[in-house]
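Below, read A as the first sequence line, B as the second, and so on, with proteins coming before strands; counting in each chain starts at 1.
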2 protein chains.
Amino acid sequence: MSGLRTGEVAERAGVNIQTLRYYERRGLLSEPGRSLGGHRIYPPDTVALLQVIKAAQRLGFSLDEVAELLDAGRRRHPTADLRQRAIDKISEIDRKIADLTAIRSTLTEVVDARCDSLTNCTCADCPLPYLTIGTSSHDQNGGRG
Amino acid sequence: MSGLRTGEVAERAGVNIQTLRYYERRGLLSEPGRSLGGHRIYPPDTVALLQVIKAAQRLGFSLDEVAELLDAGRRRHPTADLRQRAIDKISEIDRKIADLTAIRSTLTEVVDARCDSLTNCTCADCPLPYLTIGTSSHDQNGGRG
DNA sequence: GGTAAGCCTGTACCTGGGTACCGGATGCAA
DNA sequence: TTGCATCCGGTACCCAGGTACAGGCTTACC
């Protein structure tokens, strides 16, 4: 009886049903109970757990990291490890913000100078030839989102 | 004679050879001439073009967007101008920075409050229940990337 | 008991930006 | 002419984070 079906959990947490099974495969959700016919029956707090997962993702943690954190949290290891990860994440975010800020100022120059072409810009003092910003190695992913 | 081979272009531009062919498929590089035996022979300014592409990527443009921009620039159409796109890109970047800043401050709270678990944090005034930031709909990708 | 909605597993596909591998053909210098 | 480096096209694979579909079973409601 008490427990939610896949569709209910998905709807309440605002995720796709497939995502629930995906998270189960990835180890973020433990395998729920089953009905006699084999349908999953989730404990009601699964919805809250999903919200935690989504929040952690928004904090910049990958699913692997979230899985580890949840696991560490469940086993109650004296893991001040979350703190350290948060600290690391903060520097990562700082780097991203710095990159974006550099990119932003170049874009501003492009706008101010009224550049009209990437390759053949005719504007005076065109900043485009100097777009060597963001070449730093700390972010292999470039500035992409 | 005049013209560069695949490997030379790749090396000078600092990209993988496969990437050249990939860009050709994607329409970022137009099909180069060929030797009698069918090997590609690139005009020397291809290297500069690749640098432009990489710079635009660092500015946050996707390859599709770069392709369009190059095309628009080549055809000198007054449409789809670089300037407007740059303006749009700037607001996009501003949103990302705002999200990252919000995430950063929450992480700072996590660190300051000495949270020890994502789901069962025992610290006083735990900020984790308030991790509803970044739920705005303008960035489906969250703050990740 | 009928029927429609919901769920099951398994597998394939998507995005974006590439990268790797294969067997065979070419290019170039000695 | 030999021999090695390079290049060819085609295809498959990588990452993360999902999403979709097919064919069949279960559940819920009337």
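- Across C:dG17, C:dG27, D:dT19, the shortest atom-to-atom separation from the side chain of B:H39 is found for C:dG27.
- Residues B:G38 and A:T19 both approach DNA chain D. Their nearest nucleotides, taken by heavy-atom distance, put B:G38 toward the 5′ side.
- For the pair B:Y23 and C:dG18, the criterion of a side-chain N or O lying under 4.0 Å from OP1 or OP2 is met.
- Between C:dT26 and B:S35, no contact under 4.0 Å exists linking OP1 or OP2 to a side-chain N or O.
- Within the structure, every side-chain polar atom (N or O) of A:N16 is placed at least 4.0 Å from both OP1 and OP2 of D:dG17.
- For B:Q18, the listed nucleotide lying nearest its side chain is C:dC21; candidates were C:dC21, D:dT19, D:dG18.
- Between the CG atom of A:L4 and the C1' atom of D:dT27 there is a distance of 16 Å, given to the nearest Å.
- Around atom CD of B:E8, more than 12 heavy atoms belonging to other residues, nucleotides or ligands sit under 6.0 Å away.
- Distances shorter than 4.0 Å separate none of the side-chain N or O atoms of B:R21 from OP1 or OP2 on C:dG17.
- If you take CZ of A:R26 and C1' of D:dT19, they are 15 Å apart, rounded to a whole angstrom.
- One finds no side-chain N or O of B:T6 lying less than 4.0 angstrom from the OP1 or OP2 phosphate oxygen of D:dT6.
- A:Y22 has no side-chain polar atom (N or O) that falls below the 4.0 Å cut-off from OP1 or OP2 of D:dA16.
- Annotation: the span from A:R12 atom CZ to A:Q51 atom CD amounts to 11.0 Å, rounded to 0.5 Å.
- For the pair A:E24 CD and C:dT9 P, the computed distance is 8 Å after rounding to whole Å.
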* Asked: Can A:R40 and A:R5 be said to form a side chain to side chain contact (heavy atoms under 4.5 Å, CB included), step by step?
  -> CA-CA 6 Å; A:R40 287 175 181 78; A:R5 313 176 59 189; over 6 Å; no
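- Salt bridge A:R21/A:E24: absent, no basic N to carboxylate O contact under 4.0 Å.
- With hydrogens and angles left out, the side-chain atoms of B:Q57 and B:K54 include a donor and acceptor closer than 3.5 Å.
- Rounding to whole angstrom units, CG of residue B:D64 and P of C:dG17 are separated by 7 Å.
- The side chain of B:K54 contributes no N or O atom lying less than 4.0 Å from OP1 or OP2 of C:dG17.
- The interatomic distance linking A:R25 (CZ) with C:dG10 (C1') rounds to 10 Å, in whole Å.
- Between the P atom of C:dC8 and the CZ atom of A:R40 lies a distance of 5 Å, rounded to the nearest Å.
- Distances from the side chain of A:R5 to the nucleotides D:dA28, D:dG18, C:dT9 place D:dA28 closest.
- Atom CD1 of A:I17 is separated from atom P of D:dA20 by 11 Å (rounded to the nearest Å).
- One atom, CZ of B:R34, and another, P of D:dC7, lie 12 Å apart when rounded to the nearest Å.
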